[in-house]
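One structure is given here, and the rest of the page talks about it.
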Amino acid sequence: MNLYERYATGPFDNLEDYRTKLKITVPENFNFGYDIVDVYAQEDPQKKALVWCNDETERTFTFAEMSDLSNRAANFFRNHGIGKGDKVMLILKRRYQYWYALVGLHKLGAVAIPATHLLTKKDLVYRNCAASVKMIVTVNEEEIRSHVEASLPESPTVETVASVGGAVGNWIDFDAEIGKESAEWSRVETKSNEPILIYFTSGTSGHPKMVCHDQAYPLGHIVTARYWQNVEDDKLHLTVSETGWAKAAWGKIYGQWICGAVVFAYDMEHFQAKSLLEKIEKYKITTFCAPPTIYRFMMLEDLSKYDFSSVKYSVVAGEPLSPEIFKLFREKTGLSLKEGYGQTELAITVMTPSWIPSKPGSMGIPVPLYNIKLVDESGQPVAVGENGQIAIDLSEGHPVSLFEGYYRDEERTKTVMHDGLYYTGDIAWQDEEGYFWFVGRADDVIKSSGYRIGPFEVESALLEHEAVFECAVTPAPDPIRGQVVKATIRLHEGYTPSEELKKELQRHVKETTAPYKYPRIIDFVDEMPKTISGKIRRAVIKGAVKNED
């Protein structure tokens with residue numbers, strides 16, 4: 001069984017019905033914990049919810065178990081002073097406790113702040129104070145605990161710290177306490193427009209923003225799971241992501257469970273493509289989602305050594321996909337990757353559904369839940385083939401899963417939501433068939449001799465060259481042209497920077513895309529400056545900010 005038909009029209013078997021009839025119904029008091037997890041537990045208690053493993057052991061959780069454990073977690077949080085609206089930070093990597101801790105917070109009406117284990121003292125102090133975090137739950141690892149402990153003297157709102165996998169000192173043992181808590185729990189009424197999650201964006205420049213989502217947010221991910229990832233009832237879905245990122249909300253709980261799929265979680269300490277491929281083969285993963293970087297590493301392995309036949313559908317998101325990776329993956333697996341686009345502030349927004357062919361490098365077509373426009377700097381629609389900022393029309397109301405605004409930052413919210421539009425800050429163009437093509441962030445578009453050059457197209461061209469492992473294209477000032485294209489490149493092992501290689505790469509770009517887009521400046525680097533989420537910090541490369549992180 002699955003529950004998505006109780007909240008969404010469909011399922012649809014053709015593009016026209018999907019485009020014209022897709023609707024999401026948002027009940028006034030929707031709560032994912034009660035209305036999804038507990039309903040499954042009541043109607044199909046032995047239905048699998050989560051299959052979790054690391055390199056040594058594995059565990060499977062039914063919805064009956066997940067309901068029981070999330071009730072215990074709700075009691076744990078309430079008995080330690082957490083109430084409706086209080087903020088709790090979860091730094092749980094890929095541990096299975098994340099799922100029932102999160103659902104327990106939802107049932108309580110508290111606000112979860114999933115966070116990465118890579119945060120340092122400075123990062124934690126900023127987040128604790130900005131959001132008034134009241135409790136932190138982490139994995140029991142010395143390095144993580146030390147950063148949390150170092151942050152506490154400067155984090156006056158934090159009252160309690162707990163850890164999973166054991167505890168030391170003044171830390172509360174989450175697992176031991178959960179075992180003692182009652183599984184009895186009475187529903188706490190929550191409104192669908194009340195807060196459920198806060199995500200801190202990665203912050204490629206300046207402090208990260210606080211993206212606040214409401215209780216209805218999970219419902220928007222019905223489209224993410226059903227029509228983009230194509231999850232199947234009772235089949236395993238794997239999205240490669242740590243739970244601290246918004247990608248986990250996209251692929252590791254909400255839409256997948258609503259649509260009846262089983263979430264698969266591989267708790268890996270360090271990513272190795274070989275180990276991931278082994279898990280896909282062993283557990284017979286049916287649907288798979290990962291960022292382009294993961295696919296790049298997978299393509300370096302000999303896929304003939306692994307049985308990939310269980311995978312029926314593979315999708316990609318998180319950063320633009322280069323056509324070269326698309327082609328390689330199809331050659332080795334027979335699967336055409338389906339790209340998707342969205343933001344921490346949204347659910348899936350533009351995607352390639354199963355009814356249309358993939359175009360390598362294209363994001364796909366707009367999701368019907370949103371009235372999406374490409375607009376110029378004055379908010380007016382641009383013509384087909386012209387670059388414009390991706391914007392969502394708000395004139396008919398606030399669509400499901402669009403964030404409520406930047407928490408405690410009304411001024412910043414007004415900069416992206418005004419004049420009846422939400423401005424994503426991303427530039428794209430639309431072709432004659434309605435496909436969107438990513439150009440870059442609005443701040444990253446290069447204006448050279450009257451041309452507007454999107455960095456992604458140049459990056460895609462460079463990545464097709466066998467010497468280039470990763471790259472970032474940014475503007476560099478030029479007294480004659482205003483700006484010129486600059487490429488910062490990290491080479492694959494075995495390649496050495498040289499003037500000859502620079503000329504070869506410039507020639508390659510000229511032959512791959514319009515000649516005027518070639519990088520006049522090329523810098524070779526050993527490492528790229530990156531955010532804690534792994535995104536390249538273009539502002540550092542451009543020299544706009546220092547690489548202090």
Side-chain angles (χ1 to χ4, degrees), residues 15 224 227-230 239-240 273 287-301 303 308 311-342 348-367 372 374 384-387 390 426-441 444-445 453-473 487 489 492 505 508-515 517-519 536:
L15 181 62
T224 308
Y227 295 108
W228 178 48
Q229 296 167 343
N230 276 257
T239 286
V240 180
T287 50
F288 179 68
C289 176
T293 300
I294 299 296
Y295 286 104
R296 280 203 295 271
F297 280 109
M298 289 170 64
M299 292 306 94
L300 296 175
E301 297 293 322
L303 290 191
F308 211 73
V311 180
K312 296 182 180 180
Y313 215 81
S314 279
V315 300
V316 59
E319 60 189 65
L321 173 71
S322 71
E324 181 64 17
I325 297 301
F326 177 94
K327 294 171 187 174
L328 276 173
F329 188 77
R330 186 167 60 184
E331 288 173 4
K332 293 188 176 185
T333 68
L335 297 170
S336 292
L337 289 171
K338 300 289 189 177
E339 191 161 356
Y341 160 84
I348 192 74
T349 310
V350 179
M351 69 178 196
T352 309
S354 60
W355 304 289
I356 64 174
S358 298
K359 289 187 179 182
S362 168
M363 302 150 67
I365 62 175
V367 168
I372 297 172
L374 293 178
V384 170
E386 292 186 4
N387 291 348
I390 301 171
D426 289 319
I427 304 297
W429 61 277
Q430 189 174 25
D431 67 21
E432 295 285 351
E433 295 182 284
Y435 286 72
F436 277 40
W437 299 79
F438 187 79
V439 174
R441 291 292 294 170
D444 292 333
V445 173
I453 302 169
F456 171 58
E457 186 176 3
V458 184
E459 290 172 1
S460 293
L462 286 166
L463 286 167
E464 290 183 24
H465 193 282
E466 61 184 7
V468 179
F469 178 74
E470 60 183 355
C471 63
V473 168
I489 296 172
H492 275 290
L505 292 171
H508 170 75
V509 173
K510 288 179 182 179
E511 294 172 351
T512 305
T513 185
K517 298 179 181 180
Y518 84 94
I536 294 173

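Just so it is clear, the structure is predicted and the values come from calculations on it, not from any experiment. Along the sequence shown, the residues carry numbers beginning at 1. Below, each value reflects all heavy atoms present in this structure, side chains not excepted, and no hydrogens, waters or symmetry copies.
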Flag the pair [X] / [Y] as yes when at least one side-chain heavy-atom distance between them is below 4.5 Å, and no otherwise.
| X | Y | value |
| --- | --- | --- |
| Phe308 | Leu335 | yes |
| Val473 | Ile453 | no |
| Ser362 | Thr352 | no |
| Ile365 | Leu15 | yes |

So how far is it from [X] [atom1] to [Y] [atom2], rounded to the nearest 0.5 Å?
| X | Y | atom1 | atom2 | answer |
| --- | --- | --- | --- | --- |
| Phe436 | Asp426 | CZ | CG | 11.5 Å |
| Thr512 | Leu463 | OG1 | CG | 11.0 Å |
| Ser354 | Gln229 | OG | CD | 13.0 Å |
| Glu459 | Glu464 | CD | CD | 12.5 Å |
| Leu328 | Leu337 | CG | CG | 10.5 Å |
| Phe288 | Ile294 | CZ | CD1 | 7.0 Å |

Nearest atoms (heavy-atom pairs only) where [X] meets [Y]:
| X | Y | value |
| --- | --- | --- |
| Gly361 | Phe456 | O-CE2, 4.0 Å |
| Pro519 | Val458 | CD-CG1, 4.3 Å |
| Ala317 | Trp228 | CB-CH2, 3.5 Å |
| Ile348 | Gly340 | CD1-CA, 3.8 Å |
| Cys471 | Ile536 | O-CD1, 3.7 Å |
| Met363 | Ile390 | CE-CD1, 3.8 Å |

Please list, chain by chain and in numerical order, all residues satisfying side chain to side chain contact (heavy atoms under 4.5 Å, CB included) with [X], sequence neighbours excluded.
| X | value |
| --- | --- |
| Thr287 | Val231, His237, Tyr313 |
| Phe297 | Phe271, Ala273, Thr293, Leu300, Phe469 |
| His465 | Ala467, Val468, Leu501, Glu504, Leu505, His508 |
| Ser336 | Phe326, Arg330, Ser358 |

Using side-chain hydrogen bond (donor to acceptor under 3.5 Å, both in side chains) as the criterion, list what pairs up with Glu433, not counting sequence neighbours.
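Here the qualifying residues are Lys359.
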Would you please name every residue forming a side-chain hydrogen bond (donor to acceptor under 3.5 Å, both in side chains) with Glu466, sequence neighbours left out?
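Here the qualifying residues are Tyr495.
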Is there a donor-acceptor pair under 3.5 Å between the side chain of Trp429 and the backbone N or O of Leu374?
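No, Trp429 side chain to Leu374 backbone: no donor-acceptor pair under 3.5 Å.
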Could you tell me whether a side-chain N or O of Thr513 sits under 3.5 Å from a main-chain N or O of Val509, the two making a donor and an acceptor?
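Side chain of Thr513 to backbone of Val509, a donor-acceptor pair under 3.5 Å: no, none is there.
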Go through Val350 and Ile372 one step at a time and tell me if the side-chain contact (heavy atoms from CB on, under 4.5 Å) criterion holds.
CA-CA 9 Å; Val350 179; Ile372 297 172; 4.1 Å; yes
Taking it one step at a time, do Asn230 and Lys338 satisfy side-chain contact (heavy atoms from CB on, under 4.5 Å)?
CA-CA 10 Å; Asn230 276 257; Lys338 300 289 189 177; over 6 Å; no
Angle class for the Phe438/Tyr341 ring planes (parallel below 30°, perpendicular above 60°, tilted otherwise)?
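Ring orientation of Phe438 relative to Tyr341: tilted.
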Which is it for Ile356 and Tyr435 under the side-chain contact (heavy atoms from CB on, under 4.5 Å) test, yes or no, and what are the steps along the way?
CA-CA 10 Å; Ile356 64 174; Tyr435 286 72; 3.5 Å; yes
